[in-house]
Asks: 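Below are the C-alpha cells for one structure; questions will follow.
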Number of protein chains: 2
Amino acid sequence: MDPDISEVARRAGVPASTLRYYEKKGLIASTGRHGLRRQFDPDVYERLALIQLGQAAGFSLDEIAQMFAGGAPQIDHAQLAAKADDLDRTIRRLSAMRDGLRHAANCPAPSHMECPKFRRILKAAASGAFRPRDGSPA
Amino acid sequence: MDPDISEVARRAGVPASTLRYYEKKGLIASTGRHGLRRQFDPDVYERLALIQLGQAAGFSLDEIAQMFAGGAPQIDHAQLAAKADDLDRTIRRLSAMRDGLRHAANCPAPSHMECPKFRRILKAAASGAFRPRDGSPA
DNA sequence: CTGCCACTTGAAGTCAGCTTTAGGTCAAGC
DNA sequence: GCTTGACCTAAAGCTGACTTCAAGTGGCAG
C-alpha cells in the first residue's frame, strides 16, 4: 500500500504541512487519493532527500523545482560549479568571521575597541568586506 | 556640522530607510533634529560598522542591540565563543556540500543517481546530516 | 449506522530585515 | 513670500519557507 501523508511525514522527518506545501509548489506529486487522502509513491523519499540536499547546498525551492522540471532530475553542471563557488566564498567569509570571533573571545584587551585586531576587522566590516554576495546564504 | 541622514547613508553605504529602521530598533541614535531632520553624531559610523560586523558573524539585530544595551558595547566572551562554534559547524557543513557539488559538477556518470558518491551524499541528506542546527545561518 | 478523528482545503499568520507608499513638514534658495 | 524637494511619519508590503487556523470530509471501528 502506498504511504499516506502521515507515513511519509514520519519516515522522512518532514511535517505533513510541508509535504502539502511542496506538492502545491510542484516539488513532489501524490499518486492519487484514497478518499480525500493523498497517497504517495515510495519514490517520494528520494525526492525529499534531493530537496533536502538541494536546500543544504543553498538552492531555493524554486531552483530545485526547475531541476526536477524535465522528467528525471536534470542538474546542470555549470550551475553546480557556480553554486560550489558561491559556497566557497561564503565559507571563506565565515572562516574569517570565526577567526575574528575566536580572537575577540580570548582577547585580553579591556574593551574590544582597544584591540588593534578587532579595530582592523571592524574597519573591514565598515568597508563592506563581509557583505554577503548575492547568492550567498544568510 | 553633524551629518544628516543622507550624509550618513552615503558615507556608510546604508540606505536611509535602514538607518531609520535601526533607530526605531534602538541600534543607533540621532543626537537631535534640525527642523524635522535627524542629525547624527559621527560615532554612528562606528556603530554601523559594529552592526555590519555582528550581522556578518551571524548575530541578529536583536542580539546586537543587547550588546549595545549597557553604555559601551559589552560583548560577552562566552557568547562570542559560542557563535564561533556555530560558525564552525556551519563551515563544516558547507564545506561538505561544496565538495559534493564539485564532485557532481565533474562526475562522468550519465545521471547523478548512477554515481555512488552522489547516492551516498543523498542518503546522508535523507538522514538529516545536513540539516542546519538551530543558530546556524541559512 | 454513527461517531471519531486523521485527513482535507484555502487563507491567513510568522519571522527577519528591510523597502515602499501615502501623505505631511519645513529649511533654504529664488 | 513662495516653491522646491529632501526629509519626516506610520503603516503596509515584500521574500522564502513554512505553520497555523477554521471549517469541512469521509474511511473505518464499534
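Computed from a prediction, not measured in an experiment: that's the story for all the values here. Naming convention: chains lettered A, B, ... in sequence-line order (proteins, then strands); numbering from 1 in each chain.
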Asks: Starting at CZ of A/R98, measure out to OG of A/S95 and round the result to the nearest 0.5 Å.
Replies: 4.5 Å
Asks: Will you find, in the side chains of B/S30 and B/E23, an N or O donor that is under 3.5 Å from an N or O acceptor?
Replies: yes
Asks: Look at atom CZ of A/R33 and say whether more than 12 heavy atoms of other residues, nucleotides or ligands are closer to it than 6.0 Å.
Replies: yes
Asks: Got a sec, which residues hit salt bridge (Lys or Arg N to Asp or Glu O under 4.0 Å) with A/R92, two or more places apart in sequence or on another chain?
Replies: A/D88
Asks: Between the side chain of A/D76 and the main-chain N/O of A/Q79, is any donor-acceptor distance below 3.5 Å?
Replies: yes
Asks: Supply the atom-to-atom distance A/D86 CG to A/I91 CD1, rounded to the nearest 0.5 angstrom.
Replies: 10.5 Å
Asks: Output the distance between atom OH (B/Y21) and atom CG (B/L61), rounded to the nearest 0.5 Å.
Replies: 5.5 Å
Asks: Scan for salt bridge (charged side-chain N to carboxylate O under 4.0 Å, His left out) pairs involving residues 118-127 of chain A, sequence neighbours excluded, and state none if there are none.
Replies: none
Asks: Keeping B/T18 on the side-chain end and B/V14 on the backbone end, is there a donor-acceptor pair under 3.5 Å?
Replies: no
Asks: Specify the residues of residues 6-15 of chain B, ordered by number, for which at least one heavy atom lies under 4.0 angstrom from an atom of DNA chain D.
Replies: B/S6
Asks: More 5' along DNA chain D: A/Y21 or B/F40, using each one's nearest nucleotide?
Replies: B/F40
Asks: Taking only residues two or more places apart in sequence or in another chain, which ones pass salt bridge (Lys or Arg N to Asp or Glu O under 4.0 Å) with B/D85?
Replies: A/R102
Asks: For residues A/V8 and A/L19, report the shortest heavy-atom separation together with the two atoms involved.
Replies: CG1-CD1, 3.6 Å
Asks: Rounded to the nearest Å, what distance is computed from the CD1 atom of residue A/I5 to the P atom of nucleotide D/dT19?
Replies: 11 Å
Asks: Not counting sequence neighbours, list each pair that qualifies as a salt bridge (charged side-chain N to carboxylate O under 4.0 Å, His left out) and has a residue in residues 1-18 of chain B.
Replies: B/E7-B/R10
Asks: Would you grab the first and last nucleotide of DNA chain C (5' to 3') that comes under 4.0 Å of any non-hydrogen atom in chain B?
Replies: C/dG17 to C/dA28
Asks: Please determine if a side-chain N or O atom of A/Y22 lies less than 4.0 Å away from the OP1 or OP2 oxygen of D/dA17.
Replies: no
Asks: Please report the end-to-end axis angle for the helix from C/dC1-D/dG30 to C/dC30-D/dG1, five pairs per end, rounded to 10 degrees.
Replies: 20°
Asks: Just jot down the ring pair (Phe, Tyr, Trp, His ring centres under 6.0 Å) partners of B/F118, sequence neighbours excluded, or say none.
Replies: B/H112
Asks: Just the rounded figure in Å: distance from C1' of D/dG16 to NZ of A/K25.
Replies: 7 Å
Asks: Mind jotting down which residue pairs meet the salt bridge (charged side-chain N to carboxylate O under 4.0 Å, His left out) criterion with at least one end in residues 55-65 of chain B? Sequence neighbours excluded, please.
Replies: B/K25-B/D62, B/E63-B/K83
Asks: Scan residues 122-131 of chain A against DNA chain C and write down, sorted by residue number, each residue with any heavy atom closer than 4.0 Å; if none is found, say none.
Replies: none
Asks: Nearest whole angstrom, please: distance from the C1' of D/dG16 to the CD of A/E63.
Replies: 12 Å
Asks: Find the distance between CG (A/L48) and CD (A/Q52) and round it off to the nearest 0.5 Å.
Replies: 6.5 Å
Asks: More 5' along DNA chain C: B/T18 or A/E23, using each one's nearest nucleotide?
Replies: A/E23
Asks: Heavy-atom contacts under 4.0 Å between residues 80-89 of chain B and DNA chain C, which residues?
Replies: none
Asks: Measuring from A/F40:CZ to A/T31:OG1, what's the distance to the nearest 0.5 Å?
Replies: 8.0 Å
Asks: Any side-chain to backbone donor/acceptor pair from B/R89 onto B/R133? Under 3.5 Å, distance only.
Replies: no
Asks: Mind checking the CD1-CG spacing from A/I121 to A/L101? Nearest 0.5 Å is all I need.
Replies: 8.0 Å
Asks: Once each nucleotide of nucleotides 20-30 of chain D is scored for protein heavy atoms under 4.0 Å, what B/S/- sequence comes out, 5' to 3'?
Replies: B---BBBSS--
